[in-house]
Trainee: 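Can you read through this structure? Questions will come right after.
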Protein chains: 2
Amino acid sequence: MGEFELIRKVFYRGPSRKTLLGMGDDCALISPDKTLAVSSDMLIAGRHFLPNAEPFDIGFKALAVNLSDLAAMGASPLAFTLALGLPQADDAWLEAFARGLFSVADRYQCELIGGDTTRAPAGAPLTISITVMGELGFGGLRRSAAQPGDHIWVSGTLGGPARALQLLLSDAALDSSPVSSALDRLLRPEPRVELGLRLQHLARSAIDISDGLIGDLGHIADQSRLRAVLDVSKLPFAPVLSQLSAYDRLSLALAGGDDYELAFTADPSNRHALDALSDALLASHGFGLTLIGHMHDGDGVSLVDEDGRPVHGEFKAYEHF
Amino acid sequence: MGEFELIRKVFYRGPSRKTLLGMGDDCALISPDKTLAVSSDMLIAGRHFLPNAEPFDIGFKALAVNLSDLAAMGASPLAFTLALGLPQADDAWLEAFARGLFSVADRYQCELIGGDTTRAPAGAPLTISITVMGELGFGGLRRSAAQPGDHIWVSGTLGGPARALQLLLSDAALDSSPVSSALDRLLRPEPRVELGLRLQHLARSAIDISDGLIGDLGHIADQSRLRAVLDVSKLPFAPVLSQLSAYDRLSLALAGGDDYELAFTADPSNRHALDALSDALLASHGFGLTLIGHMHDGDGVSLVDEDGRPVHGEFKAYEHF
């Protein structure tokens, strides 16, 4: 089988069900009933995943982190395109990659509608670029929409994936239950799509946490021209952090990155509804919601303890440059 | 200035005019009135452009080849996302890249609405992935829609960019007028957007020629379950090919790649309308249309001379693998 045929065999799954025209032409054609939310991400081996990562996990995560952007807008997944720069086209590798990709695509009914596959030049790393499209029946959970007094909430737990990466790189034993659950979340993050959809009437603004809570919440603060005040005693630390010093725990939870949880702001009057949603999500999806602070006049992100006293420390978000 | 600010300064051009929400949030939001055409391409230094290419030209071509896909569908450009894997963020390089990119974006009123910028790991080449979106008021010029008896047409001339690349790589003199015009087309291809829009009522199927006429027309033949019969005596060879042997000329025109012209099929009754369109395009845009063959029952692509006798030879389209 030629490599063109291999790629077709691996990625083509019959005529499109959700769009007017899927793969195989100059363009795909879609006809959304509602507003279309669009986001693009690029993942490069050695930067966003370890060069020796399992192809299933690479495919899984590549789509999952894009769906996380849809979740943060409150959009429902529709379709995606995939551009691949491949160092080599190895049958087994491509098939496992596609299995990981489609396991996420199928769960969220997000259809592959087109893309591009290129043989990368010698020495170039595997590069994956996905553009995901979703539908939205409202104005979206925009970063600029927080109001003074809004509560700040976060889903799930923080710092686990960053700690798992540290352990993975240090060749530590990875077999305890907190470690393996943090590792699962690092390698195969579940995008919070259902939560994003449920937040349409409950939240004002949202962002997904890819570069660390403090940096990502900083974007909401900046774009809403407000200050985010975080009560560090409320942060939902991942269980894998329990043996660490208070500073290390805080550092990983605030700035570790790769959490792919949602941080969002909501009117205080929605507190009980969000507590109920948290209970429901815990039962159905295994993660809850935690109230961790509030929005205030001012700018930037400030940290306080449970008595409202300032907490000092340098916690910088992951910077791509 | 930090590199994050540099990227923002270079790429951010104020609030979106064509969409509900542009850059700066988890997703862009668009609300197309019509069907949306979507296409993604990835360009890698050393594969799609020379590593020492001018940043202006790289930006220009990266968007132009994506718009060429919209043109081949008959769509009107709307917006695009840009994912960049950058070996280094050099101010002057990024600014020139953005000038090239926006010179195309502005000409076709295609708005940058989001994306992602990543520092590529050491040794990784510059990688650009663009997803372009356009609007379409009809069913699109699909590869599968050719009919038996359709005329086959092609825009502009063929083989010039492939010849220019040969000359560029051989350090030949590049200063003659046919060479410099072929070089312009290689480095800064003009997508045939206006032509695509005019073909809505005149053509049945279309494709853009990126990998060479014979391979790309083969896609129309395959998907329409027909044979494409090309009269090689009718091919519009680029002037830069005039000194070459007949075989080399044919080889570059059929399989050289990088032409970014449109090949399309049309009912024979549209011949006069297409001749008139050709005259109009020649006057307004400097390129015409040429009738080069017809669609026939059968499969594949066959070559004939002006008397209809078979022409033999191995002409293979550029294969990415």
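Computation of the quantities below employed the complete heavy-atom set of this structure, encompassing side-chain atoms and omitting hydrogens, waters and symmetry-equivalent molecules. Below, read A as the first sequence line, B as the second, and so on, with proteins coming before strands; counting in each chain starts at 1.
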Trainee: Flag the one option from V132(B), L21(B), I113(B) with the top tally of heavy-atom pairs under 4.5 Å to chain A.
Mentor: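 If we count pairs closer than 4.5 Å to chain A, L21(B) comes out on top.
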Trainee: Checking heavy atoms, do the side chain of A75(B), its backbone, both or neither come under 4.5 Å from chain A?
Mentor: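 No part of A75(B) comes within 4.5 Å of chain A.
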Trainee: Would you find a donor on one side and an acceptor on the other, under 3.5 Å apart, between the side chain of D150(A) and the backbone of Q147(A)?
Mentor: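 It does hold such a pair.
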Trainee: Any salt bridge between K61(A) and D258(A), counting N to O under 4.0 Å?
Mentor: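 Here K61(A) pairs with D258(A) in a salt bridge, since their nearest N and O are under 4.0 Å apart.
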Trainee: For chain B, find which of G123(A), S31(A), A37(A) contributes the most heavy-atom pairs closer than 4.5 angstrom.
Mentor: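 Of the candidates given, the most pairs with chain B belong to A37(A).
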Trainee: Using heavy-atom distances under 4.5 Å, tell me whether L136(B) contacts chain A through its side chain, its backbone, both, or neither.
Mentor: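 Side chain only.
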Trainee: If you tally heavy-atom pairs under 4.5 Å against chain A, which of A72(B), P125(B), G134(B), S40(B) wins?
Mentor: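 If we count pairs closer than 4.5 Å to chain A, S40(B) comes out on top.
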Trainee: If you count heavy-atom pairs under 4.5 Å with chain B, which of D208(A), D41(A), L29(A), T81(A) comes out on top?
Mentor: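 Looking at each option in turn, the highest pair count goes to L29(A).
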Trainee: Which bit of A206(A) is near chain B, if near means a heavy-atom gap under 4.5 Å: side chain, backbone, both or neither?
Mentor: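 Contact with chain B: backbone only.
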Trainee: Answer with side chain, backbone, both or neither: which region of I44(B) has an atom nearer than 4.5 Å to a non-hydrogen atom of chain A?
Mentor: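 For I44(B), the side chain is the part near chain A, not the backbone.
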Trainee: Sub-3.5 Å donor-acceptor pair from the side chain of D25(B) to the main-chain atoms of R143(A), do we have one?
Mentor: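 Pair found, side chain donor or acceptor close to backbone of R143(A).
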Trainee: Need one label for L82(B): side chain, backbone, both or neither, based on atoms under 4.5 Å from any heavy atom in chain A.
Mentor: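 When you check distances to chain A, no heavy atom of L82(B) falls under 4.5 Å.
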Trainee: Look only at the side chain of S16(A) and the backbone of M23(A), and say whether a donor-acceptor pair between them is shorter than 3.5 Å.
Mentor: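 Side chain of S16(A) to backbone of M23(A): no pair is present.
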Trainee: Does R13(A) come within less than 4.0 Å of E111(A), counting only side-chain N to carboxylate O?
Mentor: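 The answer is no: the pair does not qualify as a salt bridge.
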Trainee: Taking atom types as modelled, find out whether S155(A) and E261(A) have a side-chain donor-acceptor pair closer than 3.5 angstrom.
Mentor: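 Yes - a donor-acceptor pair under 3.5 Å links their side chains.
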Trainee: So for A45(B), is it side chain, backbone, both, or neither that comes closer than 4.5 Å to the heavy atoms of chain A?
Mentor: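 Only the backbone of A45(B) comes within 4.5 Å of chain A.
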Trainee: Can you give me the closest heavy-atom contact between G85(B) and A120(B), atom names plus distance?
Mentor: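 Closest heavy-atom pair between G85(B) and A120(B): C-CB, 4.1 Å.
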Trainee: For a quick check under 3.5 Å, do T265(A) and S205(A) share a side-chain donor-acceptor pair by atom type?
Mentor: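 A pair is found: one side chain offers a donor N or O, the other an acceptor, under 3.5 Å apart.
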Trainee: So what's closer than 4.5 Å to chain A heavy atoms on I220(B): side chain, backbone, both or neither?
Mentor: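 It is neither, since no heavy atom gets under 4.5 Å.
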